[in-house]
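A quick write-up on the structure given underneath.
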Amino acid sequence: MVGLISAVRKGSLAEAAGIKAGEKLCSVCGAQVKDIIELSFYTSDYEVDLEIEAVNGERRQVHIEKYPDEDLGMEFDSAVFDRVATCYNNCVFCFVDQMIPGMRPGLYVRDDDFRLSFLYGNFITLTNMKDEDFDRIIRTHLTPLYVSVHATDPAVRCEMMHNRFAGQLMERLERLFAAGIQVHTQIVCCPGYNDGEILAKSFHDLYSNYPNVLTMAVVPVGITKHREHLPQLATFTKEQAAALIDQVTPWQERCRKETGGTFIYLGDEFYLLAERELPPAEWYDGFPQLENGIGLTRNFLLEWEEALKEMHGFKGAAPVVIPVGESAYRVLSPLLEKLNKKYGTQHRFVAVPNSFFGGKVNVTGLLTGGDILEHVQGETIALPEVVLNSDKLFLDDMSLAEFKKRYAGKVELAKGAKELLHILLER
């Protein structure tokens, strides 16, 4: 159980102690640590003794004197030094089960690790945890966590997750609540499974536990073309999406009246599919579940308008093309129409069909390098950074470097609306 050091920050205590990238952290003050959470705990003192393994396998002791809250300056290839806890459910909607075979191993990892939930907002089911996991969460006060609920009705949750223990959700949540642990929750909504009255029960059960339950997100099930031997599932129709919005909006109004916050949020796809107006920015309460796709479009529109107000003295740049998912194209296109009219530019969004995943997958974040190359060539391209992982890989395993080689024009990366505008306009 060792931590592989991927980087040592310049000027840090670790660099001064001679620790280098590529070496391994074996123990801290004589104790093996399982993750960066324990590392933080064991190094919160004035003196720290580290056991470091060099690249050649030799081990040495490193003594460091520091302030209790002073960071050592080491970065690791993984936040977890032991095995990541994985999911043993067989959820009817699992996206990993729908991945095309033969891709990089990381795409098939179904993590269900409370440490990744606390550190990065990964959603956990609470079904794959042992008593010692709950004890550690409570002892170290790891809050908030992110929990996949799907349904609070025990029978429905067991059916959807194919796990006979899945129905113990509320009891497990209450154990956390009693210790002051708060949670953000999500429901992957599947027509015919957990919508309608089942969704209503889930809302009332979760909202009755506010503020132990901080938020509740409802996102639509995603279905790819790779569903051989998997249960039959339907995606939402335009009419069903509209009905869900009509069901949830009164709950949102009630929550805002009673708590000042919306509490329950719908994924952008529902509004885009139903061709309904997105809620105003204030209804997203600071976008607490942005990484879960809740409010991404509204946040982009808000950032766009705010950035545009600051861009005094800019002029239009040469034509740029921006690939986006088909679901976002209708909402985003008017932004460029207005910008082009004002600056005399010829920028454009391109709605890229997702041939790789097929099915009804149409969000920007799941676009692949191959699909983008098939539909865009020649002009300067501004890639939304959301299409790449931290290693600069698309979901079809194409690297950004390979994409640049195969693309005929200039390739720019845009993390958000502000960066995109700086590509579309110039001083």
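Quick caveat: nothing in here was measured; it's all calculated off a predicted structure.
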- Sequence neighbours left out, what passes side chain to side chain donor-acceptor pair (under 3.5 Å) with Glu379? Give chain and number order. Arg348

Please list, one pair per line, the donor and acceptor atoms closer than 3.5 Å that link side chains of residues 93-107 to other protein atoms, with sequence neighbours excluded.
residue : atom : partner : partner atom : Å
Gln98   : OE1  : Thr224  : N            : 2.8
Gln98   : OE1  : Arg227  : NH1          : 3.3
Gln98   : NE2  : Cys94   : O            : 3.3
Gln98   : NE2  : Gly222  : O            : 3.1
Arg104  : NH1  : Phe394  : O            : 2.9
Arg104  : NH1  : Asp397  : OD1          : 2.5

- Query: Centroid-to-centroid, His422 to Phe314, below 6.0 Å?
  - Reply: yes

- Message: Can you list everything that forms a ring pair (Phe, Tyr, Trp, His ring centres under 6.0 Å) with Phe177? Sequence neighbours excluded, please.
- Response: none

- Residues that Asp153 engages under salt bridge (Lys or Arg N to Asp or Glu O under 4.0 Å), provided they are two or more places apart: none

- Excluding sequence neighbours, so at least two apart, what forms side-chain contact (heavy atoms from CB on, under 4.5 Å) with Leu296? Asp268, Leu290

- Of all pairs that satisfy salt bridge (charged side-chain N to carboxylate O under 4.0 Å, His left out), the ones with a partner from residues 4-13, not counting sequence neighbours: Arg9-Asp71, Arg9-Glu75

- Message: Please enumerate all residues that pass ring pair (Phe, Tyr, Trp, His ring centres under 6.0 Å) together with Phe114, with sequence neighbours excluded.
- Response: none

- Message: Quick check for you: to the nearest 0.5 Å, what is the distance between Thr43 atom OG1 and Met74 atom CE?
- Response: 7.5 Å

- For Arg115, check salt bridge (Lys or Arg N to Asp or Glu O under 4.0 Å) against everything at least two apart and list the hits. Asp35, Asp82, Asp113

- Message: Run the salt bridge (Lys or Arg N to Asp or Glu O under 4.0 Å) test against Glu275 and tell me which residues pass, sequence neighbours left out.
- Response: Lys238

- Task: Using ring pair (Phe, Tyr, Trp, His ring centres under 6.0 Å) as the criterion, list what pairs up with Tyr42, not counting sequence neighbours.
- Result: none

- Item | Qualifying residues under ring pair (Phe, Tyr, Trp, His ring centres under 6.0 Å), relative to Phe165, sequence neighbours excluded | none

- Applying salt bridge (Lys or Arg N to Asp or Glu O under 4.0 Å), name anything that partners Asp77, two or more places apart in sequence or on another chain. none

- Qualifying residue for side chain to side chain contact (heavy atoms under 4.5 Å, CB included) with Ile322, from Leu424, Leu383, Ile423, Ile381: Leu424

